[in-house]
Colleague: 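Dropping the structure in here first, questions after.
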Amino acid sequence: MITLEEFLKQEQAKLQSFEAYWRKNEIVQPELFPSELLAGDWDEMLAIYGEEE
């Protein structure tokens with residue numbers, strides 16, 4: 001088990017890592033890494049990113 005604070009810290013780190021990954025790739029391949037998506041699509045992209053890590 002982990003504390004709420006530990007869980008939130010892990011999730012924040014995951015989001016920051018995803019943001020850095022996305023911003024880097026949107027410059028190189030904007031057709032694959034658009035700057036706008038529907039909220040559900042962002043959730044899906046984050047889930048896929050989490051599986052690849």
Side-chain angles (χ1 to χ4, degrees):
M1 298 182 88
I2 63 172
T3 66
L4 174 60
E5 289 79 14
E6 291 169 326
F7 172 74
L8 293 174
K9 188 181 284 188
Q10 289 175 1
E11 292 301 304
Q12 185 177 29
K14 187 189 326 179
L15 285 171
Q16 289 172 338
S17 176
F18 173 74
E19 180 183 15
Y21 165 80
W22 197 272
R23 293 198 184 276
K24 180 180 112 180
N25 285 295
E26 75 179 337
I27 294 167
V28 180
Q29 295 180 300
E31 66 282 354
L32 297 177
F33 296 88
S35 60
E36 293 183 359
L37 293 172
L38 297 172
D41 292 336
W42 282 120
D43 286 337
E44 185 176 339
M45 294 301 162
L46 180 59
I48 292 168
Y49 174 76
E51 291 172 3
E52 293 177 358
E53 270 196 322

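Scope of the values below: all heavy atoms of this structure, side chains included, with no hydrogens, waters or symmetry mates.
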Colleague: Would a 4.5 Å heavy-atom cut-off, applied to side chains only, mark Lys24 and Phe33 as touching?
Modeller: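 No; the side chains remain at least 4.5 Å from each other.
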Colleague: Output the distance between atom NZ (Lys14) and atom NZ (Lys9), rounded to the nearest 0.5 Å.
Modeller: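 Reported value, rounded in 0.5 Å steps: 16.0 Å.
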Colleague: Looking at Ile27 and Pro30, what are the two nearest heavy atoms and their distance?
Modeller: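 In this case the closest contact between Ile27 and Pro30 is O-CD, 3.9 Å.
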Colleague: Atom CD in Glu36, atom CH2 in Trp42: separation rounded to 0.5 Å?
Modeller: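 So the gap between those two atoms works out to 9.0 Å.
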Colleague: Any sub-3.5 Å donor-acceptor pair from Glu6's side-chain atoms to Thr3's backbone N or O?
Modeller: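 Flag set: sc Glu6 to bb Thr3 pair under 3.5 Å.
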Colleague: Just by distance, do the side chain of Asn25 and the backbone of Tyr21 share a donor-acceptor pair under 3.5 Å?
Modeller: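 Side chain of Asn25 to backbone of Tyr21, a donor-acceptor pair under 3.5 Å: yes, one is there.
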Colleague: Which distance, rounded to the nearest 0.5 Å, do you find between the CG of Leu15 and the CG of Leu8?
Modeller: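 So the CG of Leu15 and the CG of Leu8 are separated by 10.5 Å.
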Colleague: Where do Leu32 and Trp22 come nearest, in terms of heavy atoms and distance?
Modeller: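 What the structure gives for the nearest pair is O-CH2, 4.0 Å.
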Colleague: Check whether any side-chain heavy atom of Glu26 lies under 4.5 Å from a side-chain heavy atom of Ser35, and answer yes or no.
Modeller: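 The answer is yes, as the side chains (C-beta and beyond) meet within the 4.5 Å cut-off.
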Colleague: How long is the straight-line distance from CD of Glu5 back to CD of Gln10, given to the nearest 0.5 Å?
Modeller: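 That separation rounds to 12.0 Å.
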Colleague: To the nearest 0.5 angstrom, please state how far the CG atom of Leu38 sits from the CG atom of Asp43.
Modeller: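 With rounding to 0.5 Å, CG (Leu38) is 10.5 Å from CG (Asp43).
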Colleague: Return the OH to CD distance between Tyr49 and Glu19, rounded to the nearest 0.5 Å.
Modeller: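 Here the rounded value is 11.0 Å.
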